[in-house]
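Here the structure comes first, spelled out in C-alpha cells, and everything after it is commentary.
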Amino acid sequence: ETGVTQTPRHLVMGMTNKKSLKCEQHLGHNAMYWYKQSAKKPLELMFVYSLEERVENNSVPSRFSPECPNSSHLFLHLHTLQPEDSALYLCASIDSKNIQYFGAGTRLSVL
Amino acid sequence: LAKTTQPISMDSYEGQEVNITCSHNNIATNDYITWYQQFPSQGPRFIIQGYKTKVTNEVASLFIPADRKSSTLSLPRVSLSDTAVYYCLVVGGNTGKLIFGQGTTLQVKP
C-alpha cells in the first residue's frame with residue numbers, strides 16, 4: 001500500500017464515451033503526476049501538477065484533460081479516445097525528497 | 001537529465017545475490033540515483049536512493065563509485081517474488097523529474 005489510490009482499476013470504453021480517472025493521496029505531498037504505460041514500453045510522463053498548478057504538459061493530445069481541484073486529488077478526463085490510447089495509466093505523488101509514490105494504475109481499454 | 005543504460009534482462013536463482021549495474025555518464029552534481037521496482041500491471045515502487053558511496057536499507061544496497069558515473073543495485077538472497085522490472089533513474093536534484101527507460105527484467109528461477 002503506497003498511500004496513492006487510483007479508481008477505477010479497470011475501464012473499458014468506446015471511442016465516443018467520456019470517462020474520468022481519479023487519483024487520491026493523503027500523504028501530504030504537493031506534487032502529482034500522470035503517466036501512461038503502453039505494453040512493453042517505458043512509462044511516459046503526461047502531466048505534472050505542483051501546488052495544484054499544471055507545470056508541465058508533455059505534448060499530450062487534447063482528448064486527455066487533467067484536473068487538480070486540490071493537493072490530494074488528481075483527475076484525468078477522457079473523451080473521444082482512440083484504440084491506441086489503451087494502456088495502463090499511473091498516478092504518482094511526490095515527496096520532498098523527490099521520491100515518487102505510485103498508485104496501482106487504471107488499465108484502460110478503448111474499443 | 002542524465003540518460004541511464006542498464007541490461008535489458010537478467011536471470012538468477014532463488015537464494016542468490018543479484019547485482020544490477022547502471023551507467024549514467026552525464027550525471028550532474030545535484031542529481032541523485034534512484035531505483036524502482038515494478039510488477040506487471042502495477043505502479044513502480046521505490047526501492048532505494050543514493051548520492052554517493054553506499055546506501056543500505058531493509059530491501060537492497062546501492063553502491064555508487066566516487067565518479068558517480070555508474071551504480072549497482074544489490075539484492076541479497078532473491079526469491080521468486082523478486083521477479084520484476086527494475087528501473088535505474090537519475091533524479092534531477094532541483095526538479096524531481098524522472099525519465100523511465102526500459103529497465104532490467106529480472107527473472108528469478110527456482
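Residue numbering restarts at 1 for every chain, and letters A, B, ... go by the order of the sequence lines.
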Side chain, backbone, both or neither of Phe39(B) within contact of chain A (heavy atoms, under 4.5 Å): neither
Contacting moiety of Gln102(B), where chain A heavy atoms sit under 4.5 Å: both
Between Arg107(A) and Ser41(B): side-chain donor-acceptor atoms closer than 3.5 Å: yes
Side-chain heavy atoms nearer than 4.5 Å, only ILVMFWY residues, links allowed to pass through others: does that put [X] and [Y] together?
X	Y	answer
Leu106(B)	Leu80(B)	yes
Ile99(A)	Leu27(A)	yes
Val55(B)	Phe63(B)	no
Val78(B)	Ile20(B)	yes
Val60(A)	Leu78(A)	yes

Pairwise distance CG(Asn98(A)) to CG(Leu89(B)) - rounded to 0.5 angstrom: 12.0 Å
Heavy-atom closest pair, residues Pro42(A) and Gly101(B):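 Pro42(A) and Gly101(B) have their closest heavy atoms at CB-O, 3.3 Å.
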Note, [X] side chain near [Y] side chain (heavy atom, < 4.5 Å):
X	Y	result
Leu43(A)	Tyr36(B)	no
Leu90(A)	Gln38(B)	yes
Thr2(A)	Phe46(B)	no

Leu88(A) versus chain B, the contacting section by heavy-atom distance below 4.5 Å: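 Only the side chain of Leu88(A) comes within 4.5 Å of chain B.
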Gln6(A) versus chain B, the contacting section by heavy-atom distance below 4.5 Å: neither
Any donor-acceptor N/O pair, Tyr101(A) side chain to Arg45(B) backbone, under 3.5 Å: no
Derivation of the side-chain contact (heavy atoms from CB on, under 4.5 Å) call for Lys97(A) and Thr34(B): CA-CA 11 Å; Lys97(A) 297 180 181 178; Thr34(B) 307; over 6 Å; no
